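Structure record follows, encoded as structure tokens.
None of the values given here were measured: they were computed from a predicted structure. Throughout, protein chains are lettered first and strands after them, A, B, ... in sequence-line order, and every chain is numbered starting at 1.
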Protein chains: 2
Amino acid sequence: MTRNNLDREITQRLNDHHIRYTKGRQTVVDVLSASDGPLSAAEIHGKLRGRVPLSSLYRSLSVLEEAGVLVPHFGHKTVTRYELAEWLRGHHHHLVCLDCGSVDDIELPENLESEVTQLVTGIGSMAKFSPVNHSLEIEGRCVRCA
Amino acid sequence: MTRNNLDREITQRLNDHHIRYTKGRQTVVDVLSASDGPLSAAEIHGKLRGRVPLSSLYRSLSVLEEAGVLVPHFGHKTVTRYELAEWLRGHHHHLVCLDCGSVDDIELPENLESEVTQLVTGIGSMAKFSPVNHSLEIEGRCVRCA
DNA sequence: TTCCTTGCAAACGATTTGCATTGGA
DNA sequence: TCCAATGCAAATCGTTTGCAAGGAA
């Protein structure tokens, strides 16, 4: 999705939720959309050179999460990382490096992804569970740490 | 795995690591092996009616994690939940309920599981990533909340 | 004895909240 | 104007750590 499209979509969505798309919130979205993996509040804070106070960041994050713009990811450690929601960022899975702790997104080719979806559907009916979404979390070593 | 087997395996493993399998640590393992999903320190503390102080629980958990007996699971929220490691508990995936937050384990029939494994292997070579383990996290609604 | 484990209390780090101020519709 | 959004500082909550006491080898 182009940056303009992203902006339009989000503005729209926030309007629907009667939430303002303020400068601070745009900043958060900008940083996250430029990232290739989920980021924590502290990481975003760092990328903004501390210009936005942490408390405001946390507030922006939770507002954007409620609106369905962001999704939290709980990879490892005590910190929560966020990324753009699927309808903005596309469906993907995660590669979690056991050594450096980095979390990278990965998009599967269509055929593989549809296999996963079928699997999930099957599991749902097998377990009397109604799947809403899924994520394949793969732990291992990234290229840098291998 | 029977409870006696479990005990023997763990004792062995801890011996190898020069770590004592004390009463407190056994208690933690007992509670976790009786559970059908990962539990947080606070939850274990509750099940033990507060008889074991939280700080000791946390210490037991981290010792058992280092020894490879327990594995942390970061489902939702800020709390870390633990469960027995795969070599004790068997490989499985997670069903995370979006409403009540419960995390249930699910074991896939062999054919489905091998599909997942193949997928993971494929993804690894595709992404220059060395998979060590994987987990399919399915979010949705459990029977109770559906 | 010697080293590991435990309990308690204090310390920490991530996140949340109260309150006064600022800013946008 | 009026309510939502922000900044700051204080409060919370999960988790970790220092230190003295208890236990096993």
Roughly, in whole Å, what's the span from [atom1] in [X] to [atom2] in [N]?
| X | N | atom1 | atom2 | result |
| --- | --- | --- | --- | --- |
| L64(A) | dT6(D) | CG | C1' | 15 Å |
| E65(B) | dT15(D) | CD | C1' | 13 Å |
| K23(A) | dG7(D) | NZ | C1' | 17 Å |
| H45(A) | dT15(C) | NE2 | C1' | 14 Å |
| L14(A) | dA25(C) | CG | P | 13 Å |
| E43(A) | dT15(C) | CD | P | 10 Å |
| H17(B) | dC3(C) | NE2 | P | 22 Å |

Practice problem: Take the C1' atoms of the five end pairs on each side of the helix from dT1(C)-dA25(D) to dA25(C)-dT1(D), get both axes, and report the angle to 10 degrees. | Solution: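 End-to-end axis angle: 30°.
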Quiz item: Step by step, would you call H94(B) with I138(B) a side chain to side chain contact (heavy atoms under 4.5 Å, CB included)?
Solution: CA-CA 6 Å; H94(B) 290 124; I138(B) 306 181; over 6 Å; no
Exercise. Write out all pairs satisfying salt bridge (charged side-chain N to carboxylate O under 4.0 Å, His left out) with one or both partners inside residues 57-66 of chain B, taking only residues at least two apart or from two chains.
Key: none
Quiz item: For the hydrophobic clusters of this structure (ILVMFWY residues joined by side-chain heavy atoms under 4.5 Å, transitively), does one cluster hold both V71(B) and L61(B)?
Solution: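 No, because V71(B) and L61(B) fall into different hydrophobic clusters, even though each may have its own neighbours under 4.5 Å.
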Quiz item: Going only through I, L, V, M, F, W and Y residues with side-chain contacts under 4.5 Å, is there a path from V143(B) to V120(A)?
Solution: no
For a quick test of your reading: what N or O donor-acceptor pairs under 3.5 Å do the side chains of residues 108-116 of chain B make, sequence neighbours left out?
unit_1  : atom_1 : unit_2  : atom_2 : d
E113(B) : OE1    : H93(B)  : NE2    : 2.7
E113(B) : OE2    : H91(B)  : NE2    : 2.9
E113(B) : OE2    : H134(B) : NE2    : 3.2
S114(B) : OG     : N111(B) : O      : 3.1

Quiz item: Going from CZ on R13(A) to CG on L64(A), what distance comes out if it is rounded to the nearest 0.5 angstrom?
Solution: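 R13(A) CZ to L64(A) CG: 11.0 Å, rounded to 0.5 Å.
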Exercise. Sequence neighbours left out, what passes side-chain hydrogen bond (donor to acceptor under 3.5 Å, both in side chains) with S130(A)? Give chain and number order.
Key: none
Name each donor-acceptor pair under 3.5 Å that joins a side chain in residues 23-33 of chain A to protein atoms two or more places apart or in another chain, with its distance.
unit_1 : atom_1 : unit_2 : atom_2 : d
R25(A) : NH1    : R20(A) : O      : 2.8
Q26(A) : NE2    : Y21(A) : O      : 3.1
T27(A) : OG1    : K23(A) : O      : 2.7
D30(A) : OD2    : R3(A)  : NH2    : 3.3
S33(A) : OG     : V29(A) : O      : 3.2
S33(A) : OG     : D30(A) : O      : 3.1

Self-check item: Interface residues of residues 48-59 of chain B with DNA chain C (non-hydrogen, below 4.0 angstrom)
Solution: P53(B), S55(B), S56(B), R59(B)
Polar atoms only, N or O, under 3.5 Å: list the protein pairs with nucleotides 2-5 of chain D and their distances.
unit_1 : atom_1 : unit_2 : atom_2 : d
dA4(D) : O4'    : R20(A) : NH2    : 3.2
dA5(D) : OP1    : R20(A) : N      : 3.3
dA5(D) : OP1    : R25(A) : NH1    : 2.6
dA5(D) : OP1    : R25(A) : NH2    : 3.4

Practice problem: Please name the pair of heavy atoms, one in F129(A) and one in V96(B), separated by the smallest distance, quoted to 0.1 Å. | Solution: CZ-O, 3.5 Å
Throw together a table of side-chain donor-acceptor distances under 3.5 angstrom for residues 42-56 of chain A, partners on residues two or more places apart or in other chains.
unit_1 : atom_1 : unit_2 : atom_2 : d
E43(A) : OE1    : S40(A) : N      : 2.7
E43(A) : OE1    : S40(A) : OG     : 3.3
E43(A) : OE1    : R81(A) : NH1    : 2.9
E43(A) : OE2    : R81(A) : NH1    : 2.6
H45(A) : NE2    : V52(A) : O      : 3.4
R51(A) : NE     : L48(A) : O      : 3.1
R51(A) : NH2    : L48(A) : O      : 3.4

Quiz item: Which residue pairs pass the ring pair (Phe, Tyr, Trp, His ring centres under 6.0 Å) test with at least one member in residues 22-42 of chain A, sequence neighbours excluded?
Solution: none
